[in-house]
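Report on one structure; see the data block that follows.
Start at 1 and go down the list; that is how both ligands and their atoms are numbered. Here, residue 1 is the first one in the sequence, and each next residue gets the next number. Everything numeric in this text was worked out from a predicted model, so none of it was measured. Side chains are part of it too, since the values below use all heavy atoms of this structure and drop only hydrogens, waters and symmetry mates.
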Amino acid sequence: MRRVHEAHGKCPFNEEGNMAKSDRRRTVERPKGIFHTALLKWRWPVPLRLAERHASLYQLFMWVYISSLGCHVGYFALLSLQPYPQPVVINVFGTLANVLAIVLHRKGFLNAGLLMLAVPMSIKAALWEYQLGAGGGFEYFHIVAVFFICIAPMSRFNRLVFSGLLLLFYMGTQYFVSPIYFVSYDFMSLASIVNLVISATFIAVVAVQIGWEAEQREKRYRRDLRHDQLTGALSRFALQEEGARMLKQGGLGVLMIDVDHFKAINDTQGHAIGDEVLVELTQRLRHHLRGSDQLCRQGGEEFVALCPSHDRGGLRHAAERLLLSINSRAFTLSNGQLLRVTISIGVAQGGPASSAASLLPDLLHRADQAMYSAKRQGRNRVVSAWNAGTSAVSSTIVPSASSSNTSESDMTGPGASALQLAPRNSTDEQRSAREIYLLKR
Ligand SMILES: Nc1nc2c(ncn2[C@@H]2O[C@H](COP(=O)(O)OP(=O)(O)OP(=O)(O)O)[C@@H](O)[C@H]2O)c(=O)[nH]1
C-alpha cells in the first residue's frame, strides 16, 4: 500500500476512507512484465511458487516427467532397431536429461527440473521433425503440458504471447522439414503404439507411487497435528478428539496440570532450560499415568491428563501420584544444576455422555477452576471440583515428598511451594527460585 502511495505521490484514500477503484486495482499483485518473466535467470519459466502452493500441480509435473521418460525409453528401444545412429543418441541424451529432471524435481529444484525436461524435449522434437520428417507427437504432448502448467500463473496477455511463440515454434518445425533419415510409416505407427503402452505403464506406476506418498504425507500431517512438537504429548486438537471418544465410552476424569512459577524458570534459567523442564515433566507424568490415560499439552506449561474412570477416589490418588512424581525428585538440568519443580492439579470427573460437545468443555472448565483454586491456596497441591456447575473445592491434598531425601522433603509443603534451585551436591547453597521470582517482580 505504501508503495502505491509513494509511487503516485498522493493519498490513495478518499475522504470516507475508501480507496479509489483505480488505486485498488494498482495494489493487486500483478504478474511482472513479459520480458522480466522471460529473462528470469535460471528460474524461468517461474512455476515454482505455483507448484509449491499446489501439491496437485507438483504431482502433475511428476506425471509429465514420468510419461516423457516412458516416451524417451520407448523410442530408444524402437529406434535402436533402426540403422540410424543419430536418433538413438538423441534419445540416450533425452533419457539422461529426463532422469536428471526427476532427481532435481524431487530435491525441490522445481524450475531447474522443468527446464531440464522442456529444453531437451524441444530440441528433440525439432530434430525429430528435421531428421525424420515425422511429427514428434509425444514430444509435443509433453512440451505443451509443461508449457501450459508454466504459463498458468502469468497474465492473460503473457499467456497469449507465449502460446503464440509455441505455435510459431511448431509451425517452424513443420516448415523446415527436410528429412535426412526415412522411417517407414508402419514402423512409426508401431513405435507410437509401443510408446503409448510404455508411457501409460510409467504413469500407472507413478500414480500408485504418488498415491502412496500422499497417504504417507497425510499420516505425517495428522501426526504433527495431534502431537505437540516440543514434548511429544498430545496436542490441543487431539485433546478434543480423545476427550470426546473417552466420554462416549464411559466416565472421564480430567486432570488439569500447571507448573508452578514456570515463568521464574524461564526468567532465571532461560527458555531452553524451560523447554527441558517441560520435556522431562512430560516424561515423568506419562510414566506415572496408566496405559489407557492420555496426556495432552493444553498450551504453555499447562497439561491435561484424560483418565477414563468413574472412580473419584482413584482419580484423586492418580493426581496425587503425579504431584509426587514431580515434586519428590529434583530435575537435573543440562547446565548441571538441580531444579525443584512443583505442579498444581485441578481434577474434575463426569460422563459417560453420548455427545461430548457440552460435557467436555464443562469438565475442562471445572478442572481449570480447581487448578486455579490450588494456585490460590499456595500451589503444589491437588484440588478437585466434583460437582457440575460449581467450582467448589471438595478436597485438597498436599502430599509430602519422599522421606528418603530430607533436603528435598524440606522443600515441599505449602510454605515452600514453587521452585528451588541447587548447585549439584550442595544443599547449603540452595536458593528458592521463588525468591528470585519475587525479587524480579
Ligand atoms: N520455555 C518455554 N516457556 C514457555 C513455553 N510456553 C509458555 N512458556 C512460558 O511459560 C510462562 C508461563 O507463565 P505464567 O502463565 O505467568 O505462569 P507461572 O509463572 O507458571 O505462574 P503460576 O502458573 O501462577 O504458578 C510464560 O513466561 C511463558 O512465556 C514453552 O513452550 N517453553
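Heavy-atom contacts of Asp260 reach the following atoms of ligand 1: 20 (O), 25 (O) (cutoff under 4.0 Å). When each atom of ligand 1 is checked for a heavy atom of Asp275 under 4.0 Å away, the hits are 1 (N), 2 (C), 30 (C), 31 (O), 32 (N). Those atoms of ligand 1 with a heavy atom of Arg297 less than 4.0 angstrom away are 5 (C), 6 (N), 30 (C), 31 (O). Each of the atoms 22 (P), 24 (O), 25 (O) of ligand 1 lies under 4.0 Å from some heavy atom of Arg379. Below 4.0 Å from some heavy atom of Val259 lie the following atoms of ligand 1, by number and element: 20 (O), 23 (O), 25 (O). For ligand 1, the atoms lying closer than 4.0 Å to a non-hydrogen atom of Gly274 are 1 (N). Shown in contact with Gly300 at under 4.0 Å from a heavy atom are these atoms of ligand 1, numbered in order with element: 6 (N), 7 (C). With ligand atoms numbered from 1 in the order given, ligand 1 contributes 30 (C), 31 (O), 32 (N) to contacts under 4.0 Å with heavy atoms of Leu278.
Geometrically, ligand 1 and Leu230 share no nitrogen or oxygen pair separated by less than 3.5 Å. Considering both main-chain and side-chain atoms, His261 comes within under 3.5 Å of ligand 1 through a nitrogen or oxygen pair.
Closest heavy-atom approach to atom 17 (O) of ligand 1 within the set Lys263, Gln229, Glu301: this belongs to Glu301. With atom 26 (C) of ligand 1 as the reference point, the heavy atom nearest to it among Thr342, Asn380, Asn266 is part of Asn266.
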Run the side chain to side chain contact (heavy atoms under 4.5 Å, CB included) test on Asp228 and Leu234 for me, step by step, so that the C-alpha distance in whole Å, both residues' side-chain angles and the decisive distance to 0.1 Å come before the verdict. CA-CA 6 Å; Asp228 170 50; Leu234 289 183; over 6 Å; no
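With sequence neighbours excluded, the residues forming a side-chain contact (heavy atoms from CB on, under 4.5 Å) with Ala348 are Leu363, Arg366, Ala367, listed by chain and number.
A salt bridge does not link Arg286 with Asp293: every distance from a Lys NZ or Arg NE/NH1/NH2 to an Asp or Glu carboxylate oxygen is 4.0 Å or more. Look at Arg236 and Glu242 and you find no salt bridge, because none of the NZ, NE, NH1 or NH2 atoms lies under 4.0 Å from a carboxylate O. Using a 4.0 Å cut-off between charged nitrogen and carboxylate oxygen, Arg284 and Glu280 count as a salt-bridge pair. Using a 4.0 Å cut-off between charged nitrogen and carboxylate oxygen, Arg297 and Glu302 do not count as a salt-bridge pair.
Side-chain atoms of Asn380 and Asn327 include a donor-acceptor pair closer than 3.5 Å. Residues Ser334 and Glu276 have side chains that bring a donor and an acceptor to within less than 3.5 angstrom of each other. For the residue pair Asn98/Thr95, the side-chain donor-acceptor check at 3.5 Å is not satisfied.
When heavy-atom distances to ligand 1 are checked against a 4.0 Å cut-off, Ile265 has no atom that comes that close, whether in backbone or side chain.
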